[in-house]
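What follows is a single structure, written as structure tokens, with notes after it.
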Amino acid sequence: MTENSINNKELGISSSISNDVNDDVPFGDASSESSDSSPNASPSSVDERVARDVGNVNISTEYMELEEGTLAEDRQALLEQFERRKKARQVNVSTDDTEVKRNLRQLGEPICLFGEGPAERRIRLRELLSRIGETIQSNENQKHHVDEEKSKFRRDKNRETTWYHEGSQALKEARFDIACYSLIRAKQRISRLREEAALPESTRTARKQELHKYLSSLVINCSQIGDDRPISYCTFSPDSSMIATASWSGLCKLWSVPGCELLRTFRGHSCYAGAIVFHPHATSDVSDRICALASCAHDGSVKLWKMDSETPIAEVEGHAPHRVSRIKFHPSGRFLGTCCYDHSWRLFDLVKCEEVLHQEGHCKPVYCMAFQCDGSVVATGGLDAFGRVWDLRTGRCVMFMEGHLKSIYGIDFSPDGYHIATGSEDNTARIWDLRKRSCTYTIPAHMNLVSGVKYQPTNGHYLITSSYDNTARVWSDKTWQPLKSLSGHDGKVMSLDIAPNGKYIVTASYDRTFKLWAPE
């Protein structure tokens, strides 16, 4: 057998094997096989060829793509969850369970789930707030801040804005009479001040030293039990010969000076009597004098009295049921001012027997008032810690006194006409200058609230304050140094007054006594 025949046989065998393999492979043909055997075939083609050579292996060129969108969504949800947890840690939620429930109700969520305690409820609110991306607390704080700004702006606007309304003919006539009266008095006051300023410095210094010596020697001259209940008010008569007191029993009494003997008892009030004051001409021989005294009470009653009668001759109506805390006569004697707990003060014309002015301006009850010696302006102090100075000739508020931290219980004008003293519940007394429209000095006067302040009636060279710390204190003018502490009462000092002639000082106390002070 020749070599060629052997080769042919081998070739025949190989070809037959190839044909058998090709019959078993469902895909591909001879042309593809020849192409796969080329040296430039790709790795995938080589893998297919090897797979076909091994056996019955199905080969597919189709690929399944991964779902990229699903992965992105899961990744985004995970990031949002982390961000939400981060926000939840930064959210401030109140620890007050009531406030937490209120916030849940505002969000439209159930305020309580079954088995949920305050801590779980708080966590749920924090998660809800972090999910919606805002906090109710911040919104409430912002709203509160906006409301505060609005109220502050409204308050400032109210201070700067004055409203006027048409007054009655009686008010117009009263303003005209007050203007005519005050102009004459102002001229006299200015002349007196000029005369005092023209005095040599040595003369003024000598007088001041003598006055300080007089004040430092003050002692109790007389002490008298005034009533069975605390004495709320005391005042001297215009000629310094009598003292009038008002007490919580409703009785008002008249006492002699300096013996402190009971002269008369005025019966008419059925509850606490707040104050009693003398008419400016009560002790003078004036034929047209309307009354001698006026008193007020807790039930809003204001009564007028004659010196020789124990029953009231008239009653000023219009305050009930609001309390009337203080009353004052205008220097002319024609008008009576009242402080009412309806946040207003009023001016009554006693000649025409009618109310000519009902003035509002305080946001809380008006407690005290004082007329300037000229009669042109009046100062009022209220429980709102503010004081106001009103021009009676025009009706304008010419000065707003802001500085006390608590209610004002005492106010008084200096005889110079432009200095004002106020006493407050914040234990201080403040000195105000009407010309500068500002506070010039603050006196840390007492250890308890200051119940009253009073300038020396003649020259205003010293100031006396009374307090609930059971003392009254004397302060020098200008320097406001303490000159004397009047100690002797067992209870809080409710009121004080200085005699018009400057010889005596009277204090009334919660211990039911009033004391007369004079130099040794």
Side-chain angles (χ1 to χ4, degrees), residues 174 177-178 180-182 184-185 232-246 251-257 263-269 273-297 301-319 324-339 345-357 368-379 392 412-413 415 454-455 457-458 495-501 504 506 508:
D177 292 341
I178 291 173
C180 293
Y181 177 84
S182 63
I184 299 173
R185 300 265 295 193
S232 56
Y233 200 81
C234 61
T235 183
F236 279 100
S237 63
D239 63 355
S240 306
S241 63
M242 292 177 289
I243 297 174
T245 61
L251 299 178
C252 298
K253 298 182 180 181
L254 202 61
W255 308 83
S256 65
V257 175
L263 301 177
R264 194 170 305 280
T265 301
F266 301 104
R267 308 175 189 275
H269 293 293
I276 183 169
V277 292
F278 281 94
H279 190 278
H281 309 299
T283 55
S284 61
D285 297 329
V286 180
S287 59
D288 59 346
R289 186 177 67 236
I290 303 168
C291 62
L293 300 101
S295 62
C296 63
S301 60
V302 178
K303 299 183 183 297
L304 305 180
W305 311 84
K306 285 284 188 180
M307 199 77 72
D308 55 355
S309 175
E310 293 187 354
T311 57
I313 60 173
E315 184 170 352
V316 179
E317 299 178 348
H319 303 92
V324 178
S325 55
R326 293 289 186 266
I327 56 176
K328 286 288 183 181
F329 277 103
H330 186 267
S332 66
R334 175 177 174 178
F335 304 99
L336 178 68
T338 61
C339 301
W345 63 273
R346 310 182 188 191
L347 194 66
F348 291 87
D349 190 337
L350 299 180
V351 174
K352 296 185 177 181
C353 301
E354 63 177 336
E355 177 186 299
V356 295
L357 178 61
C368 53
M369 69 188 310
F371 287 99
Q372 188 201 34
C373 53
D374 299 342
S376 58
V377 297
V378 60
L392 295 174
D412 193 36
F413 264 102
K454 186 69 177 179
Y455 269 104
T458 53
S495 176
L496 84 160
D497 195 19
I498 304 174
N501 61 11
Y504 300 102
V506 63

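Fair warning: this is a prediction, and the values are worked out from it, not measured in the lab. Basis for what follows: all heavy atoms, side chains included, without hydrogens, waters or symmetry-related copies.
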> Under 4.5 Å between any side-chain heavy atoms of Tyr233 and Asp497, yes or no?
Replying inline: no
> Is it true that a side-chain atom of Tyr181 and a backbone atom of Pro331 form a donor plus acceptor pair closer than 3.5 Å?
Replying inline: yes
> How close do Ala297 and His269 get, heavy atom to heavy atom, and via which atoms?
Replying inline: CB-ND1, 3.3 Å
>> Treating Asp412 as the side-chain partner and Tyr455 as the backbone partner, does any N or O pair qualify as donor plus acceptor under 3.5 Å?
In response: yes
> Would a 4.5 Å heavy-atom cut-off, applied to side chains only, mark Val257 and Ser241 as touching?
Replying inline: no
>> Do Ile313 and Cys291 make a side-chain contact, defined as non-hydrogen atoms from C-beta onward lying under 4.5 Å apart?
In response: yes
> To the nearest 0.5 Å, what is the distance between OG (Ser376) and CZ (Phe371)?
Replying inline: 11.0 Å
> Taking the side chain as C-beta and beyond, is there a heavy-atom pair between Arg334 and Asp177 under 4.5 Å?
Replying inline: yes
> Side chains of Leu293 and Phe266: does their closest heavy-atom pair fall under 4.5 Å?
Replying inline: yes
> If every non-hydrogen atom of Ser237 is compared with every non-hydrogen atom of Thr283, which pair is closest and at what distance?
Replying inline: CB-CG2, 4.2 Å
> Out of curiosity, Leu357 CG to Leu392 CG, how far, rounded to the nearest 0.5 Å?
Replying inline: 7.5 Å
>> On a heavy-atom basis, which atom in Tyr504 and which in Phe236 lie closest, and how many Å separate them?
In response: CB-CZ, 3.7 Å
> How far does CZ of Arg267 sit from SG of Cys252, to the nearest 0.5 angstrom?
Replying inline: 11.0 Å
> Any side-chain heavy-atom pair from Ser495 and Cys234 closer than 4.5 angstrom?
Replying inline: yes
> What are the two closest heavy atoms between Thr245 and Ile276, and how far apart are they?
Replying inline: C-CG2, 3.8 Å
> Nearest heavy-atom pair of Cys339 and Cys368: which atoms, and what distance?
Replying inline: SG-C, 3.5 Å
> If you round to the nearest 0.5 Å, how far is OG of Ser309 from CG of Leu304?
Replying inline: 11.5 Å
> Ser332: what forms a side-chain hydrogen bond (donor to acceptor under 3.5 Å, both in side chains) with it, not counting sequence neighbours?
Replying inline: His330
>> Any non-hydrogen side-chain atom of Phe278 less than 4.5 Å from a side-chain atom of Met307?
In response: yes
>> Within the 4.5 Å heavy-atom criterion, are Phe413 and Val377 side-chain neighbours or not?
In response: yes
> Rounded to the nearest 0.5 Å, how far apart are CG of Leu350 and NE2 of His279?
Replying inline: 6.5 Å
>> Please check this pair: side chain of Arg264 against backbone of Lys253, looking for a donor-acceptor N/O pair closer than 3.5 Å.
In response: no
> What distance do Ile498 atom CD1 and Lys454 atom NZ have between them, rounded to the nearest 0.5 Å?
Replying inline: 7.0 Å
>> Quick check on side-chain contact (heavy atoms from CB on, under 4.5 Å): which of Met369, Arg346, Glu355 does Thr338 satisfy it with?
In response: Arg346
>> Under the rule for side-chain hydrogen bond (donor to acceptor under 3.5 Å, both in side chains), what residues qualify as partners of Ser240, not counting sequence neighbours?
In response: Asn501
> Which heavy-atom pair separates Leu336 from Lys328 by the least distance, and what is that distance?
Replying inline: CD1-O, 3.4 Å
